[in-house]
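What follows is a short report on a single structure.
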Amino acid sequence: MDIEEFRKAGYQAIDRICDYYASLQSRPVVSQVEPGYLVDALPQNPPEEAEDFGAIADDFQKLILPGITHWQHPSFFAYFPTAASFEGILGDLYSSSVSNPGFNWLSSPACTELEQVVMDWCARLIGLGDHFLNRAGVGGGVIQTTASEACIVVCVAARARYLRAHPDARLEDLVIYTTTQTHSLGVKAGLVLGLAVRALEVKAEDEYGLRGETLRAALAEDNAKGKRPFVLIGTVGTTSSGAVDDLEEIGEVLKDYPSIWMHVDSAWAGVAMACPEFRAYGRLDAINRYAESYGTNFHKWGLVNFDASMLWVRDRTSLTDALDVTPEFLRTKQHDAGLVVDYRNWHLGLGRRFRSLKVWFVLRRYGAEGFRKHIREGVALNEYFAALVRASPDFELVTAPRLALSVFRVALPASARASSGDAGAKLVVTNDLNRAFYAHVSRAGDKLFLTQTKLNDTFCVRFAVGAQRTQKEHVDAAWAIIQESAKVATEEWLRLRAPAAA
């Protein structure tokens with residue numbers, strides 16, 4: 001492809017992307033294909049001869065788009081959102097045009113220095129303290145691929161720091177602390193590093209957040225067994241319910257255990273701290289006071305296309321001491337003189353994408369106020385949905401709504417409550433009803449996408465707002481489908497239950 005061919009294909013690509021977004025609302029939310037559809041449609045070997053690019057581009061429309069679940073669809077309320085702003089798309093296009101591995105400053109100085117700048121911009125936007133800024137020269141921020149990878153990086157750094165302080169510690173005694181509501185990233189870090197993970201119990205009465213006394217009891221128990229907890233992964237905004245660990249209490253407990261690293265994962269909720277009114281929910285003061293590291297994903301609710309997972313550390317040498325590998329062919333006079341950051345020593349890989357460009361495009365185009373407006377609109381739409389749930393006798397909120405996330409379930413009909421027995425028995429039948437409801441509403445995947453979860457033993461359904469194009473009309477349409485699905489599922493469930501009850 002020469003320059004003029006590329007120009008023509010590029011114009012067509014932009015036109016088709018625009019057509020895609022213009023038609024997005026009319027597309028099914030969840031892909032309707034069957035497993036193996038694409039494997040069967042494509043040849044087993046690559047073509048021997050070059051193909052016409054127009055045909056290749058047409059196959060994207062014909063073969064690939066049908067297999068896409070549309071995360072930017074205004075009726076996508078599953079998982080958490082994945083951003084795709086036009087500014088981010090253009091940022092990715094421009095960064096791809098100057099492709100380079102970015103492993104050190106010299107490989108492309110703009111890649112390193114723009115990342116330093118935008119990480120400081122993002123830190124200031126969400127209220128992190130100056131000790132997390134690159135400009136301060138002590139801590140700093142780096143873009144990772146995902147919060148899961150950021151967690152592994154943190155655990156590597158925490159392990160190295162702990163072993164330097166305790167050279168007698170055995171790897172088999174090291175323990176990563178999470179909670180029973182922590183994202184699977186904690187378990188994944190343990191699997192990757194070959195380390196034990198202990199999930200501390202959280203309770204409904206504490207709104208599924210970790211309390212200080214639970215942590216203190218676990219530390220005493222593990223220390224008595226000769227175990228060596230070395231990192232705790234706290235959460236602001238758990239995946240299941242948006243729960244928040246009590247970081248103030250946790251931080252106070254860890255004052256007595258200075259070798260334990262506190263990492264705070266706020267992959268979804270962290271960007272909401274751009275709005276001052278949400279900083280108390282986000283425990284910003286405790287993060288700035290106690291956390292060794294903090295992470296949030298701008299590629300979820302933060303208008304930046306995947307991937308853009310932001311990680312800040314209080315002390316950058318904790319990363320570089322654990323991850324610095326500099327063979328002779330990577331040495332530069334700028335690095336040896338201490339004049340530059342080489343981000344290869346801040347993450348697991350060597351090469352890295354020029355992610356900061358799309359972040360820069362988004363933040364400049366929206367501005368801080370535009371960014372806050374996007375967050376506030378998502379919260380307002382969730383509050384509207386939660387009000388619909390509260391007003392209905394057929395549904396109940398399982399937890400208090402958190403930012404743009406509500407967790408709800410179908411209420412047990414009065415006839416079933418009377419014959420269900422004690423609280424434990426009622427929970428079993430309520431879970432059974434809600435599994436039937438979720439199975440039914442999932443069949444409407446062309447119009448709506450929700451996800452299920454469990455809070456300890458309670459089965460429930462999540463409603464997460466965040467797609468950029470979601471409006472009140474889409475929440476209303478979703479609510480109508482939810483109500484109808486609950487009505488039909490409840491009637492079927494009661495009919496099937498009747499013989500057993502008799």
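Positions are given from 1, in the same order as the sequence printed here. Scope of the values below: all heavy atoms of this structure, side chains included, with no hydrogens, waters or symmetry mates.
- Within a 6.0 Å radius of CG in Leu339, other residues, nucleotides and ligands contribute more than 12 heavy atoms.
- Using modelled atom types, one side-chain atom of Ser107 and one backbone atom of Asn104 make a donor-acceptor pair closer than 3.5 Å.
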Between Val341 and Glu115, does the side-chain contact (heavy atoms from CB on, under 4.5 Å) criterion hold? Intermediate values first, please. CA-CA 10 Å; Val341 166; Glu115 185 160 343; over 6 Å; no
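- Ionic pairing of Arg364 and Glu87 is not present here: no N-O contact between side-chain nitrogen and carboxylate oxygen is shorter than 4.0 angstrom.
- Qualifying ring pair (Phe, Tyr, Trp, His ring centres under 6.0 Å) partners for Phe463, counting only residues two or more places apart in sequence or in other chains: Phe77, Phe385.
- Ring orientation note: the planes of Phe86 and Tyr21 are nearly perpendicular, at an angle over 60° on the 30°/60° scale.
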Going through the checks in order, is the side chain to side chain donor-acceptor pair (under 3.5 Å) test met by Asp324 and Thr326? CA-CA 6 Å; Asp324 188 352; Thr326 306; 2.6 Å; yes
Can you list the steps and then say if Thr238 with Tyr208 is a side-chain contact (heavy atoms from CB on, under 4.5 Å)? CA-CA 9 Å; Thr238 59; Tyr208 300 100; 5.8 Å; no
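- There is a side-chain donor-acceptor pair under 3.5 Å between Thr182 and Thr179.
- Proximity of Tyr290 to Arg283: side-chain heavy atoms (C-beta onward) are nowhere separated by under 4.5 Å.
- The six-membered or imidazole ring of Phe76 lies near that of Phe449, with a centre-to-centre distance under 6.0 Å.
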Determine all donor-acceptor pairs shorter than 3.5 Å in which one atom belongs to a side chain in residues 299-306; sequence neighbours excluded.
residue : atom : partner : partner atom : Å
His299  : ND1  : Ala308  : N            : 2.7
His299  : NE2  : Asn297  : ND2          : 3.4
Asn305  : OD1  : Ser85   : N            : 3.2

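- In this structure, the separation between NE2 on His374 and SG on Cys275 is 10.0 Å, given to the nearest 0.5 Å.
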Could you give the side-chain donor-acceptor pairs of residues 125-140 under 3.5 Å, partners two or more places apart or in another chain?
residue : atom : partner : partner atom : Å
His131  : NE2  : Asn288  : O            : 3.1
Asn134  : OD1  : Gly141  : N            : 3.1
Asn134  : ND2  : Gln116  : O            : 3.2
Asn134  : ND2  : Gly141  : O            : 3.4

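- A donor-acceptor contact shorter than 3.5 Å links the side chain of Ser266 to the backbone of Val236.
- Pairs engaging residues 28-43 under the side-chain hydrogen bond (donor to acceptor under 3.5 Å, both in side chains) rule: none recorded [sequence neighbours left out].
- Ser75 OG to Gln25 CD: the interatomic distance, rounded to the nearest 0.5 Å, is 6.5 Å.
- The existence of a salt bridge linking Lys8 and Glu5 is excluded, since no basic side-chain nitrogen approaches an acidic carboxylate oxygen closer than 4.0 Å.
- Between Arg331 and Asp336 there is a salt bridge, with a side-chain nitrogen of the basic residue lying less than 4.0 Å from a carboxylate oxygen of the acidic one.
- If you take CD1 on Ile14 and CD1 on Ile89, they are separated by 7.5 Å, rounding to the nearest 0.5 Å.
- For the atom pair CD (Gln144) and CG (Leu311), the distance works out to 5.5 Å, reported to the nearest 0.5 Å.
- In this structure the side chain of Ser148 reaches within 4.5 angstrom of the side chain of His183, judged on heavy atoms.
- The pair Lys373-Glu369 does not meet the salt-bridge criterion, since no charged nitrogen lies less than 4.0 angstrom from a carboxylate oxygen.
- Remark: side-chain polar atoms of Arg402 are not paired, donor with acceptor, to backbone N or O of Ser241 under 3.5 angstrom.
- Considering all non-hydrogen atoms of both residues, Ala286 and Leu247 come closest at CB-CB, 3.7 Å.
- Salt-bridge annotation for Glu484 and Lys487: absent, with no side-chain N of the basic residue lying under 4.0 Å from a carboxylate O of the acidic one.
- Environment of OH in Tyr79: sparse, with no more than 12 heavy atoms of neighbouring residues, nucleotides or ligands closer than 6.0 Å.
- In the model, Ser23 has a side-chain atom that pairs as donor or acceptor with a side-chain atom of Arg27 under 3.5 Å.
- Annotation: side chain of Val461 is not in contact with side chain of Val441 (no heavy-atom distance under 4.5 Å).
- Identified under the ring pair (Phe, Tyr, Trp, His ring centres under 6.0 Å) test for residues 320-349, with sequence neighbours left out: Tyr343-Trp346.
- Aromatic ring centres of Phe437 and Phe459: separated by at least 6.0 Å.
- For the atom pair CG of Leu114 and OG of Ser108, the computed distance is 12.0 Å after rounding to the nearest 0.5 Å.
- In this structure a side-chain-to-backbone donor-acceptor pair under 3.5 Å is missing from Arg462 to Thr451.
- Taking the charged nitrogens against the carboxylate oxygens, Asp285 and Arg289 have no contact shorter than 4.0 Å, which rules out a salt bridge.
- Partners of Phe395 under the ring pair (Phe, Tyr, Trp, His ring centres under 6.0 Å) rule, at least two apart in sequence or in another chain, are Trp479.
- One finds the CE atom of Met273 at 7.5 Å from the OG1 atom of Thr296 (value rounded to the nearest 0.5 Å).
- Between Asp307 and Arg353 there is a salt bridge, with a side-chain nitrogen of the basic residue lying less than 4.0 Å from a carboxylate oxygen of the acidic one.
- A donor and an acceptor atom, one from each side chain of Asn382 and Ser406, are located under 3.5 Å apart.
- With a 6.0 Å radius and a threshold of 12 heavy atoms from other residues, nucleotides or ligands, Arg376 has its CZ atom above the threshold.
- The two residues Gln72 and Ala467 come nearest to each other via the heavy atoms O-CB, 4.1 Å.
- A side chain to side chain contact (heavy atoms under 4.5 Å, CB included) with Gln181 is found for exactly one of Leu455, Asp245, Thr239, Thr235, namely Leu455.
- Between the side chain of Ser309 and the backbone N or O of Ala147, at least one donor-acceptor pair lies under 3.5 Å.
- Ion pairing of Lys62 with Asp59 is present here, as a side-chain N (NZ or NE/NH1/NH2) and a carboxylate O approach within less than 4.0 Å.
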Would you check, one step at a time, whether the test side-chain contact (heavy atoms from CB on, under 4.5 Å) holds for Cys122 with Val359? CA-CA 9 Å; Cys122 292; Val359 183; 3.9 Å; yes
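- Side-chain N or O atoms of Thr112 include none that pairs as donor or acceptor with a backbone N or O of Pro109 at under 3.5 Å.
- The closest side-chain donor-acceptor pair between His263 and Ser293 falls under 3.5 angstrom.
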In sequence, state the C-alpha distance, the side-chain angles, and the governing distance for Asp342 and Phe103, and then conclude on side-chain contact (heavy atoms from CB on, under 4.5 Å). CA-CA 7 Å; Asp342 282 348; Phe103 47 72; over 6 Å; no
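- Annotation: Tyr94, atom OH; neighbour count of heavy atoms from other residues, nucleotides and ligands within 6.0 Å does not exceed 12.
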